[in-house]
Every structure is written in C-alpha cells, then in structure tokens.
Q: 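Take this structure, written in structure tokens, and hold onto it; I'll ask about it next.
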Amino acid sequence: MTDTAQPPRRVVLVDGSGFIFRAFHALPPMNSPDGTPVNAVYGFCTMLMKLREDTRPDHMAVIFDTKGKSFRNDFYPDYKAHRPPPPEELIPQFGLIRDAVRAFNLPSIELEGYEADDLIATYARQAAEQGADVIIVSSDKDLMQLVTDRVEMFDAMKNRTIRADEVMEKFGVAPDKVIDVQALAGDPVDNVPGVPGIGVKTAAQLITEYGDLDTLLERAGEIKQPKRREKLLENADMARVSRDLVRLKTDVPVTLPVDDFDLREPDADVLLSFIATHGFKSLTSKVKAKFGGTVDENGITEAGTGVNDVSVTKAEYELVQDEESLKKWIAKADYEGVLAVDTETTSLNAHQARLVGISIAVKPGEACYIPLTHGMGDEETEPKAAQGGFDFGSDPAGDKETADIPKQIPVKRTIELLKPLLEDRGVLKIGQNIKYDKIIFARHGIDVAPIDDTMVLSYVLDGTSHGHGMDELADLHLGYKTIKFTDVAGTGKNQLTFDQVPLDKALDYAAEDADITLRLHRLLKPRIAQEHMASVYETLDRPLVPVLAKMEALGVKVDADKLRDLSSDFATRMAALETTIHEMAGETFNLGSPKQLGEILFEKMSLPGGKKTKTGAWQTGADVLEALAAQGHDLPERLLEWRQLSKLKSTYTDALANHINPQTGRVHTSYGQTNVNTGRLSSNDPNLQNIPIRSEEGRKIRTAFIADKGCKLISADYSQIELRLLAHVAEIDALRNAFKNGEDIHASTASKVFGVPIEGMDPMVRRKAKAINFGIIYGISAFGLANQLGIPQKEAKEFIEAYFEIYPGIRDYMDRAKEFAKTHGMVRTLFGRKIFINGINDKNGMRRSFGERAAINAPIQGGAADIIKRAMIAVPGALQDAGLKTRMLLQVHDELIFEAPEAETEQAVKVIRDVMENAASLSVPLIADAGIGDSWADAH
DNA sequence: CTTCTCACG
DNA sequence: GACGTACGTGAGAAGT
C-alpha cells in the first residue's frame with residue numbers, strides 16, 4: 001500500500017468466526033456495563049493482544065464468515081443446513097467483535113458467498129507464494145488441509161501449534177490427504193454426507209492403502225470386506241460431492257491484497273476507549289504498556305478532556321473526475337475498513353431523486369466528492385420528445401451542452417466500481433440518515449451494508465432532547481458551523497438543484513458532509529457502550545434501518561381512480577352543505593376559518609358556551625361543536641359534517657393521489673426513525689400512519705389501498721399490546737391472569753370495578769372501563785377521564801379509586817416511574833431504551849404534571865415500540881426461510897401490513913403471527929390478530 | 001412561520 | 001381555590 005511497506009514475511013490470519021464461538025463457550029458469562037453480553041469479545045481482545053506478542057507478525061488480518069449461504073449451497077443445498085441458530089447472548093457480539101478488530105486497527109475481511117475458511121485458504125496460498133510464513137489462528141479441523149511447511153495453525157485457546165504431525169495425529173494422513181479422508185468420513189456437524197459406515201480411522205486406512213480418493217473409488221471392487229465394498233460402490237458420488245464440500249477454495253476473488261495486511265499500531269486512545277466502554281478493565285494497563293495512550297479504565301483521558309475531542313481543521317478535499325482517482329479512493333477506504341458516504345441528489349424524496357454525486361470520507365479531513373450528473377438536465381437521462389420551433393442560432397446544440405457539462409465519470413461506471421466496496425461485509429459504511437442513501441443506491445443496484453448511522457446513534461443516545469440533523473450535531477459536538485445547503489444552492493423560487501451547483505462549491509459542501517459524518521461517528525459510537533445503549537442500538541435501531549429502507553422502496557399500491565371517485569363525492573356533498581350553512585348563518589363565510597366561524601356562532605348568533613383559546617380566539621373544536629349540536633343547534637351539526645368531508649378530501653383523497661409515484665404506481669412513505677420521544681416510528685410524505693378508520697366515511701379511504709395483481713394484503717396487529725405491557729412491567733397479577741385466560745380485558749375490568757357480571761353487560765359499562773384502561777396508560781387524571789366520558793369529575797375520581805383497589809400495584813408502578821424520572825431525568829423501556837422526560841422537575845406544576853404523565857406512559861408506549869421493531873427485524877428473514885415471497889409494506893405502531901401472493905397468504909399469516917407473538921417473552925401472552933383482503937379496508 | 005383542527009395508535 | 005391536562009405523532013388551511 002505505502003511505499004515503505006515491506007513484502008510479507010510472517011502473516012497471521014485469524015479465523016474470527018471460529019474464535020467467536022469457541023471463546024463464547026469457553027469463557028464464563030460477562031456483561032458490559034449496560035448488560036450486553038461480551039465474554040466472547042473480551043476473549044477475542046485478550047487473544048489479539050497475546051497474538052501480537054507471541055507470533056510477532058508483520059502482516060495480520062481477521063477473517064469472518066458472512067451470514068448468508070455460500071457457494072457450497074449452490075451444489076449441495078443441505079450444506080450446514082442443520083446448524084442451530086447462535087445463542088441469544090452471542091448475537092450482539094458478532095457486531096462488537098468487528099468493532100474490536102477496527103479498534104485494534106486490523107483489517108476485517110469477509111466476502112458474501114464465501115466462508116471464512118475459503119478466504120483464509122486463498123490468503124494463505126497468496127502469502128506462501130510470496131515466500132511468507134503463514135500462521136492460521138484456528139483450531140478448526142477443516143483448515144488442517146492447508147498445513148504445509150510454510151503454513152501452520154495455532155490454537156489460541158490451548159496455546160498449541162498444529163503442524164503436519166498434529167494433522168497426522170488427527171486424521172491419520174498427511175495434510176494433503178485430509179480432504180480425501182474427510183470426503184469418506186463425512187461430517188455430521190456441517191452436514192457433509194461422506195460414506196455411511198466409514199469413519200476417520202477406516203478412511204485413513206483406505207486412503208493410505210490406495211493413495212487417494214479417486215484411485216480408491218476406481219478400485220473399490222477389490223475391497224475384501226463385503227459391507228465396506230458395497231457402501232463404497234453405492235456412495236462413490238456422495239464421496240465426490242463431499243470432497244467438493246470440504247475442499248477449500250484457494251482462488252476466491254478477494255479485493256484486498258495480502259500486502260495491505262501490513263501490521264499497524266492501533267490508535268491507543270481509540271483502543272483504550274473501546275476497552276473501557278466494554279468494561280475490560282484488566283486490559284487497560286496492558287494496552288497502555290504496549291501502545292501508550294492517555295485514556296483510563298473509565299474512558300476518561302488523563303488530561304480530562306475526553307477522547308472525544310475532535311477538532312475540526314479546514315481540510316483539503318479532492319474532486320474526483322476520472323477512474324484512476326476514484327480507484328485510489330476506493331483502495332483507501334478498503335484499506336481503512338471504514339468510510340463515511342453521502343449522496344447528493346435533486347430531491348429530498350429518495351424515491352424520485354436523481355443521483356447527482358457521491359462523497360466519501362476515509363479519515364477526518366480526508367474526503368472526496370465524485371460529481372456524476374452536474375450540468376446535465378433530466379434530458380440527459382430521459383430524452384425529451386423532439387420539438388420544433390425553438391432552434392434559434394446555427395450553433396450545434398451538442399457543443400453548447402458539452403461546454404456546460406464538466407468532466408465526470410459515467411454514473412454506470414462509478415456504480416460498477418463502488419459496488420464491491422459498498423457491499424463488502426468487512427467495510428463499515430457510515431452515513432447521516434443512511435436510509436436515504438441506501439434507497440438511492442438500491443435504485444442503482446447496490447445493497448449498502450454493513451452500516452452505521454450517526455443520526456440514529458445520536459437519537460439512541462440523546463432521545464429528542466435535541467434534533468439530529470447534521471448541521472445541528474456538528475455545531476453541538478464539534479463546535480463547527482457547516483456549509484448550509486442554502487449557501488450553495490440559494491433559497492426560494494430560484495433555489496438551484498444540486499446538479500446546477502458549480503463543482504467547486506459542490507465539492508466543499510458535499511465532501512464536508514462526509515467528513516463531518518465520519519468525525520461525528522468517532523465521537524458518538526464510543527458513547528453507545530459508555531452510556532449502556534449497545535443493546536438498543538445493535539439489536540433494535542441499527543438493524544431496523546435496512547428493513548425500513550426496503551419497506552419504503554416497495555411502497556404500497558393505491559387505486560387512483562378510487563380516490564378520484566371518493567374525492568368528487570366528497571366535493572359534491574361539501575358544496576351542498578356549504579349552501580345550507582351559509583343560509584343558516586344568513587351570510588357567506590369561509591367554513592374553513594375557525595376565526596370566522598367563531599364570530600358567527602358566538603357573536604352573531606350568540607350561542608352559549610363560547611370559550612376562548614389562550615390567544616383570544618373562539619374555540620371551535622369538534623368537542624365544542626358537538627356540545628352545541630347536542631343542544632339542538634343545526635349549524636354546528638352541519639359544520640361538523642362539512643369539516644369531516646373537508647378533512648378527508650384535502651388531507652387524504654386529494655393529497656394521497658399526488659403522492660402516487662408515476663414510475664411505480666405506488667405510494668412510498670418515509671419513516672422517521674428519530675422523531676418520536678418514546679421510540680416509536682413516525683411516517684411522513686405522506687403520513688400513512690393516520691389513514692382514517694374510526695368513521696364510516698373515513699374508512700372508505702382504506703379501500704383505495706390495494707394489493708398488487710395476484711396478491712392480497714395481510715394486516716396483522718397486536719391485541720392490547722400496551723395494556724399487556726403494563727400488566728407485565730407493573731406486575732399486576734389480576735390483569736396478567738385476565739390476559740392469560742384470554743378474557744375480554746375491558747369487560748373484565750368493568751366487571752371488577754363496577755361489580756357486574758360479564759354476561760349481559762351494558763355496553764356503556766364496558767365503555768367506561770375501556771376509557772379507564774386507556775386513561776391508566778396515559779397517566780390518568782380525574783379531569784381527563786371525566787372529560788373523556790362526559791361525567792362529573794367526582795364520579796371519575798371514584799372510578800379511578802376503585803380501579804386502584806382491584807389492581808393494586810398500578811399506583812406503585814406509577815410512583816416508581818415518576819420517582820425514577822425525577823432522579824434520572826429519563827425512564828427506560830424493558831429493552832433499555834432511554835426516554836428523556838421534559839419538565840419532570842419543573843417549578844411550574846402544570847409542566848411537572850405533564851412530565852409525570854409522560855413518565856408513566858413512556859415505558860409502555862416505548863416498550864411496545866421496541867417489541868414491534870423486534871418483530872419487524874425478524875419477519876423478513878422468517879418469511880424468506882419459509883420460502884415465501886410475502887413482503888412487509890407498512891407499520892402503524894401496533895400493526896404490520898404485508899403484500900402476499902394469493903397462494904401463500906395462509907402460510908404467510910402463520911409465519912407473521914408466530915414472529916410477532918414471540919418478539920418478546922413477557923409474563924403475559926402476546927397475541928397478534930391477522931386479516932386478509934384485497935384492500936386495507938378488507939384486511940383489517 | 002405559527003395556530004388551529006383533526007386523522008391515527 | 002384556580003390553574004387546564006389525558007400519551008405519542010403529521011398535515012392542511014388560515015392567518016399572521
């Protein structure tokens with residue numbers, strides 16, 4: 001890589017995947033300060049430290065399996081088919097181990113479609129051919145075939161070197177005959193068939209006698225033992241397939257050469273910080289002795305400034321306009337194993353934006369911008385229809401255009417070159433709101449992975465105590481004022497799209513974005529473990545990013561004709577109502593203006609009960625109008641009807657039609673992952689989480705959400721998830737039992753609170769209990785409940801008292817939640833998500849009560865959000881494993897909507913419900929109900 | 001750019 | 001005794 005690099009003499013290749021499993025089982029359980037299991041990570045770190053000492057390599061790399069299928073499955077689908085899933089405590093450690101490799105400044109290598117063993121085989125061959133000695137750190141017998149006089153293995157757990165002698169001991173043959181023995185003996189763990197009845201002993205004997213597998217199979221007829229002869233003749237093909245399975249591939253198309261494994265010192269403070277955040281205190285002094293550094297075991301620098309001091313110095317950024325230069329940047333990123341990436345486009349809407357350029361940062365201050373379509377209008381990609389009459393001079397149009405278009409690498413070629421890097425499982429891609437960039441890249445055929453997202457990191461750490469936009473984060477954490485988009489593109493009507501921004505300005509802006517993202521990552525990522533958020537980030541919010549990106553890209557089919565019909569129906573009825581209302585009022589006015597309406601109702605008509613808002617305007621909300629209507633006033637009644645139709649038309653039928661993407665014919669929402677204080681998602685552009693359902697008229701909108709041809713929609717929703725969660729976290733036995741017995745929870749509550757039998761219950765009684773149940777979740781007050789039910793406050797207060805009587809423990813839970821919030825300024829969900837509570841210690845009583853109610857509600861709402869996130873992360877894989885094509889489209893807090901080929905709907909429902917109901921294990925059952933239909937209205 | 005109203009869980 | 005509240009969102013229209 002660098003000019004000073006020496007050719008490799010001593011190369012250490014660590015089998016990272018093999019080590020994780022062995023360390024996990026060999027070491028006692030350990031947890032980081034936030035409770036994430038880390039025993040395998042700890043074992044790995046101590047092993048790496050020791051390895052550098054003991055083996056003194058000049059080149060070193062850690063190699064991992066990827067989780068998907070390998071090329072072996074192409075010719076033998078059952079290969080490794082019976083592997084049980086890894087233990088729950090190991091799962092979060094896979095990601096952390098890769099982080100550890102980076103902290104040690106070692107290359108982390110993996111490649112989709114290949115196992116770690118194949119990569120090791122390939123690199124071992126390459127290194128040996130260059131004359132280097134190779135040490136493979138592994139005890140996996142499958143790697144023993146690689147042993148030569150240049151290549152040895154080292155079992156780091158047992159401190160044992162494995163050479164030809166040890167291989168002979170294990171397999172009874174020399175290393176070059178190991179695959180022949182394995183082919184005969186098979187391997188039940190990896191599901192390699194072999195020849196039945198032949199084990200390692202017999203296999204070694206046979207191979208020794210006949211020389212090799214092919215000769216043996218050719219001459220199998222000569223074998224004296226009849227059983228053995230028969231089996232060999234019968235299973236000759238199986239033996240050959242088995243040999244193909246166990247033979248490691250030594251020509252994997254690896255992207256990084258062995259030369260790039262040259263051993264570099266880690267950044268001592270980065271490493272110390274990693275160690276401190278995971279609680280590996282015993283390693284601190286060893287690391288300091290070896291590498292220096294100034295961070296203590298608590299992650300604090302001795303100078304007291306913290307490792308997170310990242311000063312931003314004005315950097316030189318590079319404009320990339322040719323392939324040579326681009327390849328250089330790709331190599332740099334590959335070498336670092338981590339990069340920040342950002343796309344520049346023509347629109348904030350990822351589904352219709354056109355790619356304009358890409359920026360990449362590989363180190364703080366080291367970033368580039370690759371312009372792609374600057375100076376090119378849409379006509380460059382989508383040729384306009386020919387039109388006459390506008391050809392003014394005799395200037396050849398082509399010359400004019402090329403004069404304006406700067407030199408740029410073709411989009412297609414750039415994508416081709418970047419794809420291996422952006423899809424390399426061993427290279428971390430960091431983005432600020434990388435979901436957006438993932439969608440853009442997906443439209444160009446690139447599946448960006450693995451990822452980290454500074455916006456999501458910031459959200460997991462700080463909740464919504466501040467925004468998570470890059471400009472704000474840069475100012476907050478780096479004290480740096482970024483170049484604003486409006487600085488380069490202008491504002492208002494004359495705002496340029498990014499493809500119109502001159503290259504010099506584009507370079508400064510775009511490269512800075514990637515640079516700042518990388519710097520923010522260095523600062524925020526260590527805090528995740530320090531502040532005990534590893535589990536939330538690693539198992540919930542990070543894995544959710546690609547899931548949401550897919551859902552958004554898929555979109556949902558919407559019937560434009562249906563919307564148009566509804567819209568015109570609403571318009572007709574609104575016009576009629578408008579005439580009637582104007583007649584009643586005796587004058588025309590804007591029905592949509594609360595101000596004008598208030599004046600008509602309370603001044604002109606002098607209706608009673610007028611109240612003003614804090615700004616002095618008349619209140620004309622639905623509750624006020626309903627009260628007036630109940631007194632027999634017609635105008636408010638009609639106006640309510642008009643308002644409903646107006647809302648449905650403007651917000652739904654009309655607006656939704658404008659959101660249908662012309663290319664896909666579908667509506668693509670965008671999910672906000674960092675907007676909601678409690679951990680819920682939000683949906684915008686358009687908001688598909690508030691499509692009407694409660695009113696008959698409104699529900700019609702849902703008939704316009706339909707399945708694609710040959711498909712059905714499936715809607716699966718959690719039943720009473722928040723009440724169940726309340727029963728669980730507050731440990732309310734009576735409530736838990738009601739759920740365990742599958743009772744109607746509102747009727748059950750009503751029966752207990754009001755002392756009436758469930759059989760033949762007055763629906764009004766049940767309704768009251770339902771309101772109390774909901775009220776409890778919201779941090780009940782007598783005022784609120786009275787308002788909700790339209791009963792005197794005194795009566796509401798009695799209900800609440802009765803409720804606390806029958807469910808003792810509720811009050812305790814509420815007090816605990818409030819107390820915790822007062823002390824810590826936040827509450828936590830079951831899964832460890834922090835929810836910051838504003839105003840909990842405010843002097844103002846009203847703001848304080850507000851905070852107290854939020855503190856009661858947040859663990860419930862947030863816990864439910866965590867659970868459905870877990871389900872969303874698991875469902876796509878479960879559907880795929882079941883061989884189904886069903887795809888998840890939408891999430892509405894406790895409901896998931898899928899599109900399923902008709903033939904597989906029943907099977908899909910089973911898989912979906914199973915995943916949802918097992919997304920968390922609580923002391924109450926989780927129940928998901930599902931419906932199937934042609935439209936969302938039918939499926940619900 | 002803020003306020004009001006109303007759609008959802 | 002009065003305050004003015006149910007928890008969490010996003011969007012359209014009016015009125016500054």
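Note on naming: letters A, B, ... go to the chains in the order of the sequence lines (proteins, then strands), and numbering restarts at 1 for each one.
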Q: Across nucleotides 3-9 of chain B, 5' to 3', mark each nucleotide with B, S or - according to how protein heavy atoms within less than 4.0 Å reach it.
A: SSSBBBB

Q: Whole angstroms only, please: what is the CD-C1' distance between A:Gln891 and C:dT9?
A: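 To the nearest whole Å, that distance equals 12 Å.
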
Q: Could you tell me the separation between the CZ atom of A:Phe783 and the C1' atom of C:dG1, rounded to a whole number of Å?
A: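 Going from A:Phe783 (CZ) to C:dG1 (C1'), I get 15 Å.
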
Q: With a 4.0 Å limit, can you tell me whether A:Ser682 has a side-chain N or O closer than that to the phosphate oxygens OP1/OP2 of C:dG10?
A: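 The answer is yes; a side-chain N or O of A:Ser682 sits under 4.0 Å from OP1 or OP2.
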
Q: In terms of side-chain geometry, is the basic nitrogen of A:Asp569 or A:Arg573 positioned less than 4.0 Å from the acidic oxygen of its partner?
A: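 A salt bridge is present here (some side-chain N lies under 4.0 Å from a carboxylate O).
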
Q: Can a donor-acceptor pair be found between the side chains of A:Thr620 and A:Arg643 at a distance below 3.5 Å?
A: yes

Q: Quick test of your reading: applying salt bridge (charged side-chain N to carboxylate O under 4.0 Å, His left out), list the pairs with at least one residue in residues 594-621 of chain A, sequence neighbours left out, ordered by first then second residue.
A: A:Glu587-A:Lys604

Q: C:dG15, C:dC7, C:dA6: which one has an atom nearest the side-chain heavy atoms of A:Ala854?
A: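 Taking heavy atoms from C-beta onward, the closest nucleotide is C:dC7.
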
Q: Both distances under 3.5 Å, Watson-Crick or G-U wobble: on that basis, could you give the dot-bracket string for DNA chain C, with [ ] for crossing pairs and | for other-strand partners?
A: ......|||||||||.

Q: Among the candidates C:dT16, C:dA11, C:dG8, find the nucleotide nearest to the side-chain atoms of A:Lys595.
A: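 The answer is C:dT16, which lies nearest to the side chain.
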
Q: Determine if A:Phe850 stacks with C:dT5; use a centre-to-centre distance below 5.5 Å and an interplanar angle below 30° as the criteria.
A: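 Stack criterion not met.
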
Q: Between A:Asn675 and C:dT9, does any side-chain N or O lie under 4.0 Å from OP1 or OP2?
A: no

Q: For a side-chain hydrogen bond (donor to acceptor under 3.5 Å, both in side chains) with A:Ser683, tell me which candidate from A:Asn690, A:Asn675, A:Thr669 qualifies.
A: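 So, applying the side-chain hydrogen bond (donor to acceptor under 3.5 Å, both in side chains) to A:Ser683 and each of A:Asn690, A:Asn675, A:Thr669, only A:Thr669 qualifies.
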
Q: Just how far, in rounded Å, is P of C:dC3 from CZ of A:Arg847?
A: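 Roughly 17 Å, once rounded to whole Å.
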
